[in-house]
Amino acid sequence: IQKLEPIYSGKAKTIYTTNDPAKYIAEFRDSLTAFNGDKKSEAPKKGYYNAQISRKIFEMLEENGIKTHYQGMASDVDMIVDIVDIVKLEVIVRNIAAGSITKKYPMPAGKVFEKPIVVFDFKSDEYQDPMINEDIAYALGVATYEEMASLKETALKINSILVPYFDKNGYLLPDFKLEFGRVNGQIVLADEISCDTCRIWDKVTKESFDKDIFRFDKGDLTKAYETVAKKLVPEIFE
Ligand code: C5P
């Protein structure tokens with residue numbers, strides 16, 4: 001597969017057309033943004049570690065029956081993906097209170113939820129990703145009621161696969177964000193699952209090994225992502 005023209009550059013990835021009319025290449029970059037793009041930086045090898053972690057998680061989810069856009073790697077940082085029509089939602093799953101939910105509700109950081117919480121945000125830089133429900137999603141033409149129900153079910157299934165996976169590698173998974181896309185009449189998991197899109201805490205110390213390190217200047221981001229990569233994708237260090 002050949003990488004052709006860049007057609008879209010997001011906060012952490014650039015999307016390229018390829019010589020396959022049904023596939024794009026998503027290049028994972030070292031750039032970082034937080035707080036709606038107000039805070040920007042670069043971290044060496046961040047793109048590499050996130051690409052490899054995301055690859056591993058997509059492969060693992062596929063083995064567990066979750067359909068994804070993942071179609072292989074074209075290089076260490078170039079992920080081959082199906083061309084999908086992105087559903088304009090961020091589906092967030094929360095197991096432990098952290099981040100924005102602790103600001104919006106009386107939920108102290110670290111509180112373990114009795115059952116996982118699924119939240120839908122409308123993906124819109126202009127409107128700053130406001131939380132939406134199925135009625136608003138339907139009114140906006142973002143997703144049908146059936147799709148919203150199936151997205152929630154899929155998000156919970158993914159959570160039930162990821163929590164034990166991170167646990168056996170020594171980490172808690174307080175929360176993470178998913179995106180989905182439509183291809184050939186079905187909805188598949190899209191975007192990435194990486195240290196940028198998950199909260200990953202050391203099981204014992206509760207130390208962050210995710211983008212909170214950048215958001216709140218908590219230390220060496222590359223080193224933390226490398227630590228997670230050594231656990232999840234040890235083969236790349238051989
Ligand atoms: O900011 P907040 O606490 O709502 O984030 C919840 C989870 O979703 C975090 O793991 C965060 O990294 C992820 N997230 C994301 N992209 C966004 C918003 C949140 O990956 N635009």
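Predicted model only: the values in this text are computed from it and were never measured. Each ligand, and each atom within it, is numbered from 1 in the order the structure gives.
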Interfacing atoms of ligand 1 (cut-off 4.0 Å, heavy-atom, R199):
2 (P), 3 (O), 5 (O), 6 (C), 9 (C), 10 (O)
Taking distance alone, no hydrogens or angles, what donor-acceptor pairs closer than 3.5 Å link side-chain atoms of residues 216-224 to residues at least two apart or in another chain?
unit_1: D217; atom_1: OD1; unit_2: K39; atom_2: NZ; d: 3.0
unit_1: D217; atom_1: OD2; unit_2: K39; atom_2: NZ; d: 3.3
unit_1: K218; atom_1: NZ; unit_2: S208; atom_2: OG; d: 2.9
unit_1: D220; atom_1: OD1; unit_2: T222; atom_2: N; d: 3.2
unit_1: D220; atom_1: OD1; unit_2: K223; atom_2: N; d: 3.1
unit_1: T222; atom_1: OG1; unit_2: P44; atom_2: O; d: 2.7

Would you say Y24 and F28 are hydrophobically clustered, going by side-chain heavy atoms of ILVMFWY under 4.5 Å?
yes
Can you list every side-chain hydrogen bond (donor to acceptor under 3.5 Å, both in side chains) pair that touches residues 133-143, not counting sequence neighbours?
D135-Y145
Give me the residue, atom name and distance of the protein heavy atom closest to atom 14 (N) of ligand 1.
K177 CB, 3.7 Å
For atom 11 (C) of ligand 1, which candidate among K11, E179, R215, K211 holds the nearest heavy atom?
R215
State the atoms of ligand 1, each with its element, that fall below the 4.0 Å cut-off from a heavy-atom position in D196.
12 (O), 20 (O)
Can you report which non-hydrogen protein atom sits closest to atom 10 (O) of ligand 1, along with the distance?
D175 OD1, 2.6 Å
So, applying salt bridge (charged side-chain N to carboxylate O under 4.0 Å, His left out) with K177, which one of D121, D191, D129 is it?
D191
Check for me whether K46 meets the cation-pi criterion with Y225, that is, NZ or CZ under 6.0 Å from the six-membered ring centre and within 45 degrees of the ring axis.
no
Note: ligand 1 atoms sitting under 4.0 Å from heavy atoms of G99 are 3 (O)
Count I, L, V, M, F, W, Y as connected when their side-chain heavy atoms are under 4.5 Å apart, and connections chain through other members. Are F176 and F58 then in the same cluster?
yes
Any heavy atom of C198 under 4.0 Å from ligand 1? The part involved is backbone
Contact partition for I101 relative to ligand 1, non-hydrogen atoms under 4.0 Å:
neither
For the residue pair Y127 and F122, categorise the inter-ring angle as parallel (less than 30°), tilted (30 to 60°) or perpendicular (more than 60°).
tilted
So is K123 in contact with ligand 1, going by heavy-atom distances below 4.0 Å?
no
Near E90 (heavy-atom distance under 4.0 Å), the atoms of ligand 1 are 17 (C), 18 (C), 21 (N)
